[in-house]
**Q** 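Below are the structure tokens for one structure; questions will follow.
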Amino acid sequence: MAVTLKAASPTPSSSSSPVAQLPVTTRASAAAAMPGRSRAPAAVRIRAPAAPAPAPAKPVAAGGRCLPVSQTMSRLKAKGKTAFIPYITAGDPDLATTAEALQLLDACGADVIELGVPFSDPYADGPVIQASSARALAGGATPERVLAMLREVTPELSCPVVLFSYFNPIVRRGPGHFAAAVKEAGVHGLLVPDLPYADACIMRSEATKNNLELALLTAPTTPAERMKVITEASQGFVYLVSVSGVTGPRENVNPRVESLIKEVKQVTDKSVAVGFGISKPEHVKQIAEWGADGVIIGSAMVKQLGEAASPKEGLKRLEKFARSMKNALP
């Protein structure tokens, strides 16, 4: 499973300050839980960003042998299965280990993999992913090096990769150039937790031009009318945040998630994936029984690699944990 990565040209680290305001179309719960973070004015009315119709999805994506995210989710949904969506941070502990981890998660039955681009101020994330991002940045991980690694690995994967990036690295490169580079790296989808409302239309348009699916997030604090517009604009799947707050393991699943899943499904037939705070097989089983089409496990996955004594040990821990979560799903 060893992967040899080609060195990428050194570039400035993506460590400058991010956009200060979370968008009303994305991770609203993070803003609600963080004092001092500005929120979108209540008077703003969301409209689904106008964008050209997506190009017909190809059965086999360029640079890989997997289906697009939306098709992957739809096929599982039709079979009555719940998607297993693990998250890891690129570059923690190093990019070579990340490459191996992607292949390992694919072999363990991941249906979609969410890969985080390390950022210096990941304020929608809790302590585990914050520490993971800091380690990755200290090790020299940059967006360019992450994409170079993905170009080497994605052709070997059987499941699509969704890139999780804060908006600042996208601004530095330019939305159009960023989307094109992401697609060239074999990625199928994007998640941008702090995408400003004013830039949502442009980002979605650039993603669509490059046949990328831009998934949006809805939270327990999202008003019903706003949630409907978010689900209309979201691509790939709708990301349902299970709690008000940042990422990180919780002892129990928020019991309101069951009703939230039903509320979202009343306004869309798109797949709904639940994330934030999911860290145990019993959590995964419970959320699947409540009707979620996908379960996203982040911090608990990241801990397996980040807290291990060595990369080799981290990969062993990751495999054991991933299989336990996958086996808990129907």
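Predicted model only: the values in this text are computed from it and were never measured.
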**Q** How about I170 and S165: do any of their side-chain heavy atoms sit closer than 4.5 Å?
**A**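 Touching, per the 4.5 Å side-chain cut-off.
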**Q** If I take atom CD from residue E282 and atom CE from residue M325, how far apart are they, to the nearest 0.5 angstrom?
**A** 8.5 Å
**Q** Would you give the length of the straight line joining atom CG of D106 to atom CG of L157, rounded to the nearest 0.5 angstrom?
**A** 5.0 Å
**Q** Going by the side chain to side chain contact (heavy atoms under 4.5 Å, CB included) test, name the single residue among L191, L212, V192, L147 that passes it with L163.
**A** L147
**Q** Donor-acceptor check, side chain of Q235 to backbone of L214, threshold 3.5 angstrom: yes or no?
**A**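 Yes, the answer is positive, given that a donor and an acceptor are paired below the 3.5 Å cut-off.
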**Q** Before giving the answer on side-chain contact (heavy atoms from CB on, under 4.5 Å), spell out for E144 and R173 the whole-Å C-alpha distance, their side-chain angles and the decisive distance to 0.1 Å.
**A** CA-CA 10 Å; E144 288 74 17; R173 190 161 190 164; 3.8 Å; yes
**Q** State plainly whether the residues R323 and E319 are in salt-bridge range, i.e. N to O under 4.0 Å.
**A**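 Salt bridge flag = yes for E319 with R323.
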**Q** What I'd like to find out is whether the side chain of L104 reaches to under 4.5 Å of the side chain of E100, using heavy atoms alone.
**A** no
**Q** Are L190 and M203 close enough, and set up right, to give a side-chain contact (heavy atoms from CB on, under 4.5 Å), and what steps lead you there?
**A** CA-CA 10 Å; L190 282 173; M203 191 68 246; 4.0 Å; yes
**Q** Determine yes or no for a side-chain-to-main-chain donor-acceptor pair under 3.5 angstrom, with S271 supplying the side chain and F237 the backbone.
**A** no
**Q** Can you tell whether the side chains of K209 and E206 come within less than 4.0 Å, N to carboxylate O?
**A** yes
**Q** For side-chain contact (heavy atoms from CB on, under 4.5 Å), just list the numbers for T154 and H188, CA-CA rounded to whole Å, side-chain angles, deciding distance to a tenth of an Å, and then say yes or no.
**A** CA-CA 10 Å; T154 52; H188 291 76; over 6 Å; no
**Q** What I'd like to find out is whether the side chain of E213 reaches to under 4.5 Å of the side chain of P68, using heavy atoms alone.
**A**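 Answer yes - side chains close enough.
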**Q** Nearest 0.5 Å please: distance from the NZ atom of K79 over to the OG atom of S74.
**A**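 That separation rounds to 12.0 Å.
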**Q** Check whether any side-chain heavy atom of I85 lies under 4.5 Å from a side-chain heavy atom of V162, and answer yes or no.
**A** no
**Q** Which heavy-atom pair separates F84 from I297 by the least distance, and what is that distance?
**A** CE1-CD1, 3.7 Å
**Q** Verify side chain to side chain donor-acceptor pair (under 3.5 Å) between T268 and T231, making sure each step is shown before the conclusion.
**A** CA-CA 6 Å; T268 185; T231 60; 4.7 Å; no
**Q** Where the side chain of T98 meets the backbone of A90, is there a donor-acceptor pair that is under 3.5 Å apart?
**A**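 Flag not set: sc T98 to bb A90 has no pair under 3.5 Å.
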**Q** Could you check whether any side-chain N or O of S242 sits under 3.5 Å from a backbone N or O of F276, counting only pairs where one atom can act as donor and the other as acceptor?
**A** yes
**Q** Mind checking the CD1-CD1 spacing from I113 to I296? Nearest 0.5 Å is all I need.
**A** 13.0 Å
**Q** To the nearest 0.5 Å, how far apart are CG in L217 and OG1 in T222?
**A**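 So the gap between those two atoms works out to 9.0 Å.
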**Q** Counting only heavy atoms not in K265, do more than 12 sit closer than 6.0 Å to its NZ atom?
**A**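 Yes - once you tally the heavy atoms of other residues, nucleotides and ligands closer than 6.0 Å, there are more than 12.
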**Q** Verify, without hydrogens or angle tests, whether S133 (side chain) and I129 (backbone) share a donor-acceptor contact under 3.5 angstrom.
**A** yes
**Q** Cluster question for you: counting only ILVMFWY and a side-chain heavy-atom cut-off of under 4.5 Å, with indirect links fine, are L329 and L76 together?
**A**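 No.
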**Q** Verify, without hydrogens or angle tests, whether S324 (side chain) and F321 (backbone) share a donor-acceptor contact under 3.5 angstrom.
**A** yes
**Q** Looking at every heavy atom in both A141 and P118, which two are closest together, and how far apart are they?
**A**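 Minimum heavy-atom contact is CB-CG, 3.9 Å.
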**Q** Could you tell me the separation between the CZ atom of F178 and the CZ atom of R172, rounded to the nearest 0.5 Å?
**A**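 Answer for the CZ-CZ pair, F178 versus R172, is 12.0 Å.
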**Q** For A148, does its backbone N or O pair with a side-chain atom of E152 as donor and acceptor, under 3.5 Å?
**A** no
**Q** Do you know which two heavy atoms are closest between S299 and V128, and how far apart they sit?
**A**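 Result for this residue pair: O-CG1, 3.5 Å.
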**Q** Classify the ring geometry of F164 against Y166: parallel below 30°, tilted from 30° to 60°, perpendicular beyond 60°.
**A**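 Plane angle over 60°, so perpendicular.
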**Q** For atom NZ of K285, decide whether the heavy atoms of other residues, nucleotides or ligands shown that lie under 6.0 angstrom number more than 12.
**A**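 No.
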**Q** So which atom in F119 and which in L137 form the shortest heavy-atom distance, rounded to 0.1 Å?
**A** C-CD1, 3.6 Å
**Q** Any side-chain heavy atom of Q304 within less than 4.5 Å of one from K320?
**A** no
**Q** With a 4.5 Å heavy-atom cut-off, do P160 and V112 have their side chains touching?
**A** yes
**Q** Check this for me, if you would: do R145 and D94 make a salt bridge, where the nitrogen-to-carboxylate-oxygen distance has to be below 4.0 angstrom?
**A** no
**Q** Can I88 and L102 be said to form a side-chain contact (heavy atoms from CB on, under 4.5 Å), step by step?
**A** CA-CA 9 Å; I88 58 173; L102 290 172; 4.1 Å; yes
**Q** Can you confirm whether L305 sits close enough to R317 that some side-chain heavy atom of one is under 4.5 Å from a side-chain heavy atom of the other?
**A** no
**Q** Above 12 or not: heavy atoms from other molecules or residues under 6.0 Å from NZ of K326?
**A**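 More than 12 within 6.0 Å, yes.
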**Q** Can you tell if the side chain of Q286 reaches within under 4.5 Å of the side chain of V257, non-hydrogen atoms only?
**A** no
**Q** So which atom in S259 and which in R256 form the shortest heavy-atom distance, rounded to 0.1 Å?
**A**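 Between these two residues, the closest heavy atoms are OG-O, 2.9 Å.
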**Q** Could you tell me whether a side-chain N or O of D125 sits under 3.5 Å from a main-chain N or O of Q130, the two making a donor and an acceptor?
**A** no
**Q** G275 and I278: which non-hydrogen atoms are nearest, and at how many Å?
**A**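 Heavy atoms only, the tightest pair is CA-CD1, 4.0 Å.
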